[in-house]
Number of protein chains: 2
Amino acid sequence: MQVAFVLFPGLTVLDMMGPFEVLAFVPGVETVLVAEKPGPVVSEKDSLVLQAGAGFAEVTRPDVVVVPGGPGQADQMADGPLHQWLRSVDRTATWTTSVCTGSLILAAAGLLQGRRATTHWLAKDQLPQFGVTPATERVVFDGHYVTAAGVSSGIDMALTLVGRIAGDRAAQSRQLSIEYAPEPPYDAGSPETAPVEVVADLVRRRDEILKPRAT
Amino acid sequence: MQVAFVLFPGLTVLDMMGPFEVLAFVPGVETVLVAEKPGPVVSEKDSLVLQAGAGFAEVTRPDVVVVPGGPGQADQMADGPLHQWLRSVDRTATWTTSVCTGSLILAAAGLLQGRRATTHWLAKDQLPQFGVTPATERVVFDGHYVTAAGVSSGIDMALTLVGRIAGDRAAQSRQLSIEYAPEPPYDAGSPETAPVEVVADLVRRRDEILKPRAT
């Protein structure tokens, strides 16, 4: 079973690294980091650079696709190589998945039309323009599409997915391996529970957070 | 404030990616991925390669040091460039931190002597040989050392640390930004709660999990 993690400039690496850590060690899984071309891809921070091991042309039938989000998502909304590749591999993939604003890319590629999906809480109002119904769950299954909320939700998404793919015991083994017994020091992980002023500050800086840096 | 994330071959990338995502966007923070030499570093999976932006010689006074673990940790236990660098930067660092079996490297470098610390649950019994008292908390502060339990605990560690460095509001803002309102699909994140056979299987495969692949 091949799991392909999509890279593009300006991605949020934690979006794909949670799922990577969970999925990559499931017996029988082979992983590939794929981008338009093989080679270095600069993330949302210049200091953090990943290597794409393969270009789109080399990865034609992944069983699972994971699309991360991040500030670079805004540059991936127009039709082009990534959308074409996503539409192509989606035809044969068992699961097409996203974390954070990665679902906006899937939506813009036309893959989530008529579906329920989620994304980062700051970007949820962008889903309906693509014919997508925003859902309230942290991890949303609709057909063979699985979308997860912001950044850290990719861990929950991947554990749920491993349960479906390889069974509860395999998923529990991965959860125990990464010692995922979370103890957040604050109850500020969603706009419903975070202090009002913290929410308001992020809403005010929304464009700066969701869009690419002017470089 | 410079935060240095240590890379070595065979590291578990999620160990440092949780803290990276939390710390890198705190106002005033500058990040660097540092290894013995700048250039590509292959993680625990050949498909996942990070770029070290700097070598040890170029990073002499980081304010915060984050040491990840992973199967490659076993190759970093002998005195050498990493230990020498850690002992040197620890003298001036505000916080020296680790995630997962990264604490074993700090311990082997002589930095945790007489301290309380934690590590991945499968490796806790390795701490006493370095004069370290294993602690039961998920995130352990002792002096300017902060050690976290297995892999995913780095997120909790970094949020706690940001609270100390920049205040509760800054930490809550990072938690909300990464939508860290965890919903693990199973209650299997610690050996106390996971099914007995899942724990027994990992204990049985412990050497294979903690030690480098024979390559």
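So that the names make sense, note that chain A is the first sequence line, chain B the second, and so on, each numbered from 1.
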CD-CZ distance between B/Glu179 and A/Arg138, expressed to the nearest 0.5 angstrom: 6.0 Å
Residue-level interface, residues 33-41 of chain A with chain B, non-hydrogen cut-off under 4.5 Å: A/Leu33
Side chain / backbone / both / neither for B/Phe5 at chain A, heavy atoms under 4.5 Å: neither
Residue selection (most heavy-atom pairs with chain A, distance under 4.5 Å) from B/Gly53, B/Pro184, B/Ser173: B/Pro184
Evaluation steps, side chain to side chain contact (heavy atoms under 4.5 Å, CB included), between A/Val32 and B/Ser47: CA-CA 6 Å; A/Val32 61; B/Ser47 61; 5.6 Å; no
Side chain to side chain contact (heavy atoms under 4.5 Å, CB included), paired with B/Leu48, selected from A/Glu21, A/Gln51, A/Met17: A/Met17
Side chain, backbone, both or neither of A/Pro195 within contact of chain B (heavy atoms, under 4.5 Å): side chain
Residues of residues 141-151 of chain B contacting chain A, heavy-atom criterion under 4.5 Å, by residue number: B/Ala149, B/Gly150, B/Val151
Sidechain-backbone polar pair: A/Lys45 side chain, B/Ala24 backbone, donor-acceptor under 3.5 Å: yes
Residues in residues 155-169 of chain A near chain B [non-hydrogen atoms, under 4.5 Å]: A/Ile155, A/Asp156, A/Leu159, A/Thr160, A/Gly163, A/Asp168, A/Arg169
B/Thr193 versus chain A, the contacting section by heavy-atom distance below 4.5 Å: neither
All ring-ring contact (aromatic ring centres under 6.0 Å, His included) counterparts of B/Tyr186, not counting sequence neighbours: none
Portion of A/Val139 that has a non-hydrogen atom of chain B nearer than 4.5 angstrom: neither
Proximity breakdown for B/Leu202 and chain A, heavy-atom pairs closer than 4.5 Å: side chain
